[in-house]
**Student:** 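Sharing a structure, written as structure tokens. Questions coming.
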Amino acid sequence: MNTIEPILISHTIEAVKELYQGEIQASQINITATRKEFDGDFTLMIFPLVKISKKTPEQTAEEIGAYLLKHVEAIENYNIIKGFLNLKLQNAFWANFLSAIVTKENHGQLANTGKKIILEYTGPNSNKPLHLGHVRNMLLGYSLSNLLSAAGNDVTRLNIYNDRGIAICKSMYAWQTQAHGLTPDTAKEKGDHFVGKYYALYSKLEKEESEAKGIKPEETDIAKACKKMLLDWEAGDEQLIRLWKEMNQWVYDAHQVTFDSIGISFDKVYYESENYLLGKQMVLDGLAKGVYYKRADGAVCVDLTADGLDEKVLLRPDGTSIYLTQDIGVAHQRYEDYHPDRSLYVVGNEQDYHFKVLKLCLQKLGEPYADGVEHISYGLVELPNGRLKSREGNIVDADDLIQGVLEIAAERTKEQGKVDSLSATELQKLYRTIGLGALKYFILKVAAAKRIVFNPEESIDFQGNTGPFIQYTHARICSILRKKEAAPIANNTYEFNELEKELLSLLYHLPHAIKAAADAMDPAIVANNMYELAKTYSKYYSAYKILNAEDESTIQNRINLSKAVANAIKFSLNILSIDAPERM
RNA sequence: GUUCUCUUAGCUCAGCUGGAUAGAGCAACUGCCUUCUAAGCAGUAGGUCAAAGGUUCGAAUCCUUUAGGGAACGCCA
């Protein structure tokens, strides 16, 4: 698709050269869509040119405007308000634009950048169910992967399981001593909830023993038994490993059900158990190279005081690895596997410090990929009574949350009574589409950096700036298109009205919005841009007749415009991993 | 203590690299379904963009300081 801005910019540069014998950089020329309360399609800021022209903004605008009108064919006329030069394009420009996109399902998809990006998100523990915090992470990560892909990158989606360590041993210990051989199957319980229950049971038992004996939690027999279990695991105790694998598998299978239910996926899953030894080796290599050092007590450390951070331990005095060490190993393995240009981690902002440290550690090791390591930080989800903390039982379970929105969606849809002709299976699918649409949009419309306070008492909205409203707009358009199809028009001379021009302008700027969202790493920009489009279309829908318009040309143009809007909505919804229903 | 981050209408949020009179939704109040799906549309009301300085032709946006919320600075992950 050919865009008009580069043409306007290059002619403005020439105008400045010819009229004022001055030089101006393309980057200094500011062209935006004209705000809807003014007449025009594109606006050129005149202020930056005034220094060169040495004339008043109005006079400069007049001269540049006259020059552009004369040299750029697509411009029909111009008007000047203060230092703003509003350019109005010929109808033919918009008619051609509409014809170009009406049959394109993927208008908004950017050209291939040739860049390979790997993106990690979710990162669950293998001993607990997923909660609301994971939901935001999954949705952000997955839609970010779609967004980066729409921006022309080759994206690979990764997940990593924190599948080893003391926490896992706690649930294993509790299961071994309390479950009497019960399994998720025999207990008829989802595997992650089943295992999570034993993890919680451990905490209860430890607390009871600690209080009964008046000793610290870590001094209890149960804590000691658990610690021994971790050592046995690291030593490769066969029986224990078998149990570990079995219990982890219960959780993996269960998590997969949740991933499928919410509609997200991964291309590859990493396991910390398979990479922590590599990290350890890399740290030892760094020690040999002299980029790390050994402290008096034997711990291997890195000195980051020159970078404004502290001294960080990489290996404990007893030689065992820590979280950071594992991440160093995983980072290396990811690079070995994919050789990406950029290696991204979607992780909450509570780990900002950790990722700064990780990047510095990799840079000090001289790893070639270190500069491409980026932390995509986002705000955490909180409840009205404070932070989500599974340890304190202050959680919203992911499966419950999804179930809840599905029920509300079913209820609302039944109230509306518009889709009674659908089969039971189709209805179930529609409830899921709408319920998940509401949930996903609710979370993704908020800028990633901001924290979200989620009140489970207040149900998620289905009206206004919501997923269902946007889905509804799509369904309405589909209803029209079922009655008459879109088709490009040759030699189109239709005069677009104000609202139609507004819609065309929004569609024209869709690729810019995708670019901006990908640069900012924020799907919220896509969501808000899409809302603007849906809102404007709704206004249009009620203000003008489409199928019943006065003449055939008007009807076909309006159908084509509607089709292009539906395409753009569907494309944008897809980025947010929200389905676009054809009726609701 | 140090660093990071957030603060825009009663509530939840937009406002992209500084640009025109700061916009939506929810909640409240008025209207609009015998005409393409009313999960909609139109309207009323609601603002010292946390505060003060600074840079600029121009600041919600950039800089400094202050206040308030959150987080991190673990040999937890």
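In what follows, chains carry the letters A, B, and so on, assigned in the order in which the sequence lines appear, proteins first and then strands, with residues in each chain numbered from 1.
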**Student:** Figure out the CG/P separation between A/D307 and B/rA72, and round it to whole Å.
**Tutor:** 22 Å
**Student:** Please work out if A/Y353 contacts a base, only the sugar-phosphate, or nothing of the nucleic acid, heavy-atom cut-off 4.0 Å.
**Tutor:** sugar-phosphate
**Student:** Find out whether the Lys NZ or Arg CZ of A/R136 is both under 6.0 angstrom from the six-membered ring centre of A/Y378 and within 45° of the ring's axis.
**Tutor:** no
**Student:** Mind checking A/Y540 for me? I need base, sugar-phosphate or nothing, with any heavy atom below 4.0 Å counting as a touch.
**Tutor:** nothing
**Student:** So, A/F42 versus A/Y508, ring centres under 6.0 angstrom or not?
**Tutor:**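 Yes.
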**Student:** Is a donor-acceptor contact shorter than 3.5 angstrom present between the side chain of A/T43 and the base of B/rA20?
**Tutor:** yes
**Student:** May I ask you to say what A/T413 touches in the nucleic acid, namely base, sugar-phosphate or nothing, with a heavy-atom cut-off under 4.0 Å?
**Tutor:**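 The answer is base, as A/T413 lies within the cut-off (heavy atoms under 4.0 Å) of a base atom.
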**Student:** Quantified in whole Å, what is the C1' atom distance between nucleotide B/rA59 and nucleotide B/rA20?
**Tutor:**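 Looking at atom C1' only, B/rA59 and B/rA20 are 14 Å apart.
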**Student:** Do you know which two heavy atoms are closest between A/P57 and A/F47, and how far apart they sit?
**Tutor:**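 For A/P57 versus A/F47, the nearest heavy atoms are CG-CE2, 4.1 Å.
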**Student:** Should B/rC73 be called syn or anti, with syn set as within 90° of 0?
**Tutor:**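 Anti, which is what one calls it when the glycosidic angle falls more than 90° from 0.
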**Student:** Can you tell me which nucleotide in B/rG19, B/rA14, B/rC36 comes closest to the side chain of A/I480?
**Tutor:**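 For A/I480, the side-chain atoms sit closest to B/rC36.
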**Student:** Side chain of A/D297, base of B/rC75: donor and acceptor closer than 3.5 Å?
**Tutor:**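 Between B/rC75 and A/D297, which were checked side chain against base, a qualifying N/O pair under 3.5 Å is present.
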**Student:** In this structure, how many angstroms lie between the P atom of B/rC16 and the CG atom of A/L533, rounded?
**Tutor:** 19 Å
**Student:** With a 4.0 Å cut-off on heavy atoms, is A/I546 in touch with a base, just the backbone sugar-phosphate, or nothing at all?
**Tutor:**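 Result for A/I546 = base.
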**Student:** Side-chain N or O of A/K515 versus OP1/OP2 of B/rU17: is the shortest distance under 4.0 Å?
**Tutor:** no
**Student:** What's the closest nucleotide to the A/K483 side chain, out of B/rA14, B/rC73, B/rC36?
**Tutor:**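 My answer, after comparing the listed nucleotides, is B/rC36.
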**Student:** May I ask you to say what A/A475 touches in the nucleic acid, namely base, sugar-phosphate or nothing, with a heavy-atom cut-off under 4.0 Å?
**Tutor:** base
**Student:** Measure from the side chain of A/D352, starting at C-beta and using heavy atoms only, and say which of B/rC4, B/rC41, B/rA14 lies closest.
**Tutor:** B/rC4
**Student:** Is any side-chain nitrogen or oxygen of A/K82 closer than 4.0 Å to OP1 or OP2 of B/rU21?
**Tutor:** yes
**Student:** Considering only side-chain heavy atoms of A/Y472, which listed nucleotide, B/rA38, B/rA71, B/rA20, is closest?
**Tutor:**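 Given the options B/rA38, B/rA71, B/rA20, the side chain of A/Y472 is closest to B/rA38.
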**Student:** Under 5.5 Å centre to centre and under 30° between planes: does that hold for A/Y531 and the six-membered base ring of B/rA24?
**Tutor:** no
**Student:** Does a side-chain N or O of A/R451 approach OP1 or OP2 of B/rC13 to a distance below 4.0 Å, or not?
**Tutor:** no
**Student:** Which value, in whole Å, describes the distance between the P atoms of nucleotides B/rA50 and B/rG15?
**Tutor:**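 Rounded to whole Å, the distance is 15 Å.
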**Student:** Determine the interplanar angle of the A/Y544 and A/Y540 rings, folded into 0 to 90°, and report it as parallel if under 30°, tilted if 30 to 60°, perpendicular if over 60°.
**Tutor:** tilted
**Student:** Distance check needed: B/rA28 P versus A/Q463 CD, whole Å only.
**Tutor:** 11 Å
**Student:** Tell me, please, which residues at least two apart from A/S27 pass side chain to side chain donor-acceptor pair (under 3.5 Å).
**Tutor:** none
**Student:** Looking only at side chains, do A/N560 and A/Q556 share a donor and an acceptor under 3.5 Å apart?
**Tutor:** yes
**Student:** Distance between the C1' atoms of B/rC16 and B/rC62, in whole angstroms?
**Tutor:**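 Those two atoms are separated by 15 Å.
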**Student:** Would you check if the side chain of A/N349 reaches a backbone N or O of A/D352 as a donor-acceptor pair within less than 3.5 Å?
**Tutor:**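 No; zero donor-acceptor contacts below 3.5 Å.
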**Student:** Rounded to the nearest Å, what distance is computed from the NZ atom of residue A/K535 to the C1' atom of nucleotide B/rG25?
**Tutor:** 8 Å
**Student:** Can you tell me, in whole Å, how much space there is between the C1' of B/rC76 and that of B/rG54?
**Tutor:** 44 Å
**Student:** Rounded to the nearest Å, what distance is computed from the CZ atom of residue A/F47 to the P atom of nucleotide B/rA20?
**Tutor:**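 Rounded to whole Å, this separation is 10 Å.
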**Student:** RNA chain B: stems of at least 3 consecutive Watson-Crick or G-U pairs, cut-off 3.5 Å?
**Tutor:** B:1-7 with B:67-73, B:10-13 with B:23-26, B:28-32 with B:40-44, B:50-54 with B:62-66
**Student:** When you compare B/rG25 with B/rC63, how far apart are their C1' atoms, in angstrom units rounded to a whole number?
**Tutor:** 34 Å
**Student:** Can you classify the ring geometry of A/W244 versus A/W233 as parallel (below 30°), tilted (30 to 60°) or perpendicular (above 60°)?
**Tutor:** perpendicular
**Student:** Out of B/rC75, B/rA20, B/rA38, which nucleotide sits closest to the side chain of A/R476?
**Tutor:**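 Of the options given, the side chain of A/R476 lies nearest B/rA38.
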**Student:** Can you work out whether A/Q351 or A/K312 has the more 5'-proximal nearest nucleotide on RNA chain B?
**Tutor:** A/K312
**Student:** In whole Å, measure the gap between the C1' atoms of B/rG40 and B/rU55 for me.
**Tutor:**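 Taking atom C1' in both B/rG40 and B/rU55, they lie 47 Å apart.
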**Student:** More 5' along RNA chain B: A/D310 or A/I434, using each one's nearest nucleotide?
**Tutor:** A/I434
**Student:** Quick one: do the A/Y202 and A/N127 side chains pair a donor with an acceptor below 3.5 Å?
**Tutor:**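 Short answer, no.
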**Student:** When the distance from NE2 of A/H354 to C1' of B/rC4 is rounded to whole Å, what number comes out?
**Tutor:** 16 Å
**Student:** Can you confirm if the aromatic rings of A/Y161 and A/Y270 lie within a centre distance of less than 6.0 Å?
**Tutor:** no
**Student:** Side chain of A/K539 only, heavy atoms from C-beta on: which candidate in B/rA38, B/rA42, B/rU35 is closest?
**Tutor:**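 Nearest to the side-chain atoms of A/K539, counting from C-beta on, is B/rA42.
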**Student:** Considering only atom P, compute the distance from B/rG23 to B/rU48 and round it to an integer number of Å.
**Tutor:**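 Nearest-Å result for B/rG23 against B/rU48 at atom P: 15 Å.
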